[in-house]
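Worksheet: one structure, shown below.
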Amino acid sequence: QVQLVESGGGLVQAGGSLRLSCAASGRTFSSHPMGWFRQAPGKEREFVAAIGWGGGSTSYADSVKGRFTIPRDNVENTVHLQMNSLRPEDTAVYYCAAESVKYYPSGWHASTSENEYVYWGQGTQVTVSS
């Protein structure tokens, strides 16, 4: 069982930056591919970014490519979402999620589908003002 706790959300002006953090419990963090998803009001939850368990493979939604990065620290059991050049359309609740434990070669590339994620955090609100 993995518990995920997000932090770092808040209100920021367009063009600004925020760094979200996701702290994971348990001893298997380094074997879980991780992802960030977001849900804006009235919209379905969507994929934002993902990183394989080894940290060597990342994926990004086209809408955030070049602006967001997803570093992870397997010693500190954390994954972050560094968000730069924020836009009003980035306003959403952001969720951290973990796939089940994977062993090489499975899990080197994290999934972009929320159906593959079995553990979810409670979400953190990000609001970008224009």
Side-chain angles (χ1 to χ4, degrees):
Q1 189 77 8
V2 175
Q3 291 185 325
L4 304 173
V5 179
E6 302 102 332
S7 61
L11 173 65
V12 64
Q13 287 189 332
S17 297
L18 276 177
R19 183 176 175 89
L20 305 184
S21 296
C22 174
S25 65
R27 299 183 178 184
T28 60
F29 177 77
S30 62
S31 297
H32 292 273
M34 300 294 297
W36 285 94
F37 293 77
R38 67 186 182 187
Q39 187 167 21
K43 295 188 176 180
E44 293 187 351
R45 189 160 55 187
E46 64 176 3
F47 167 75
V48 176
I51 185 167
W53 49 256
S57 173
T58 56
S59 300
Y60 297 95
D62 288 343
S63 59
V64 307
K65 234 173 244 184
R67 300 188 297 123
F68 292 10
T69 58
I70 180 173
R72 69 183 293 162
D73 185 332
N74 285 344
V75 174
E76 297 293 330
N77 280 15
T78 56
V79 62
H80 304 279
L81 186 67
Q82 178 64 46
M83 306 185 293
N84 300 326
S85 302
L86 282 161
R87 305 167 180 168
E89 54 263 39
D90 295 317
T91 295
V93 177
Y94 284 72
Y95 297 91
C96 172
E99 293 188 37
S100 58
V101 168
K102 297 289 198 303
Y103 299 102
Y104 184 85
S106 179
W108 182 251
H109 302 287
S111 175
T112 60
S113 169
E114 65 173 270
N115 294 329
E116 295 298 316
Y117 290 81
V118 295
Y119 303 106
W120 292 84
Q122 82 287 352
T124 185
Q125 176 71 45
V126 171
T127 303
V128 184
S129 63
S130 57

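Computed from heavy atoms alone, side chains included, the values below leave out hydrogens, waters and symmetry copies.
Taking OG1 of T28 as the start and CD of Q1 as the end, the distance is 10.0 Å to the nearest 0.5 Å. To the nearest 0.5 Å, atom CD of residue E99 and atom OH of residue Y119 are 11.5 Å apart. Summarising the geometry, atom CD belonging to Q82 is positioned 5.5 Å from atom OG1 belonging to T69; distances are rounded to the nearest 0.5 Å. Atom-to-atom distance recorded for N77:CG and S30:OG is 7.5 Å, nearest 0.5 angstrom. The line from NZ of K102 to CD of E116 is 6.0 Å long, rounded to the nearest 0.5 Å. Interatomic distance, OG of S85 versus CZ of F68, reported as 9.0 Å (0.5 Å rounding).
The backbone N or O of H109 lies less than 3.5 Å from no partner atom in the side chain of S57, so there is not a single donor-acceptor pair. Using modelled atom types, no side-chain atom of T78 and backbone atom of A23 make a donor-acceptor pair closer than 3.5 Å. With hydrogens and angles disregarded, no donor-acceptor distance shorter than 3.5 Å links the side chain of W120 to the backbone of L4. Between the R72 side chain and the G52 main chain, a donor and an acceptor come within less than 3.5 Å of each other. A donor-acceptor pair under 3.5 Å links the side-chain atoms of T91 to the main chain of P88, judged by distance alone. At least one donor-acceptor pair under 3.5 Å links the side chain of S25 to the backbone N or O of Q3. The closest donor-acceptor contact from the side chain of H80 to the backbone of I70 lies at 3.5 Å or more, if one exists at all. Checking side-chain atoms of N74 against main-chain N and O of W53 turns up a donor-acceptor pair under 3.5 Å. Although no hydrogens or angles enter the test, the distance criterion places a donor-acceptor pair under 3.5 Å between the side chain of Y117 and the main chain of S111. At least one donor-acceptor pair closer than 3.5 Å links the side chain of E6 to the backbone N or O of C96.
The nearest pair of heavy atoms linking A92 to Y94 is O-CD1, 3.4 Å. Here the shortest heavy-atom pairing between Q122 and V5 reads OE1-CA, 3.8 Å. When all heavy atoms of S100 and H32 are compared, the pair lying nearest together is C-ND1, 3.6 Å. The shortest heavy-atom contact between N84 and S17 is OD1-OG, 3.0 Å. Between W108 and G54, the closest heavy-atom pair is CZ3-CA, 3.8 Å. Across all non-hydrogen atoms, the minimal contact from A110 to P33 is CB-CB, 3.7 Å.
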ask   = Hey, mind stepping through R87 and D90 against salt bridge (Lys or Arg N to Asp or Glu O under 4.0 Å) and telling me if it holds?
value = CA-CA 5 Å; R87 305 167 180 168; D90 295 317; 5.4 Å; no
request  = Apply the test side chain to side chain contact (heavy atoms under 4.5 Å, CB included) to residues R19 and L81: give CA-CA distance (whole Å), side-chain angles for both, the deciding distance (0.1 Å), then the verdict.
outcome  = CA-CA 6 Å; R19 183 176 175 89; L81 186 67; over 6 Å; no
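W36 and L18 fall within the same hydrophobic cluster, defined by Ile, Leu, Val, Met, Phe, Trp and Tyr side-chain heavy atoms under 4.5 Å apart, directly or through other members. When the side chains of ILVMFWY residues are joined at heavy-atom separations under 4.5 Å, either directly or via intervening members, Y95 and V2 end up in two distinct hydrophobic clusters. Under the 4.5 Å side-chain heavy-atom criterion for Ile, Leu, Val, Met, Phe, Trp and Tyr, V93 and L20 are members of distinct hydrophobic clusters. In this structure, L11 is not a member of the same hydrophobic cluster as V128, with clusters built from ILVMFWY side-chain heavy atoms closer than 4.5 Å. Transitive grouping of hydrophobic side chains (ILVMFWY, heavy atoms separated by less than 4.5 Å) keeps M34 and F37 in distinct clusters.
Relative to the ring axis of Y60, R67 does not place its NZ or CZ within 45° and under 6.0 Å from the centre.
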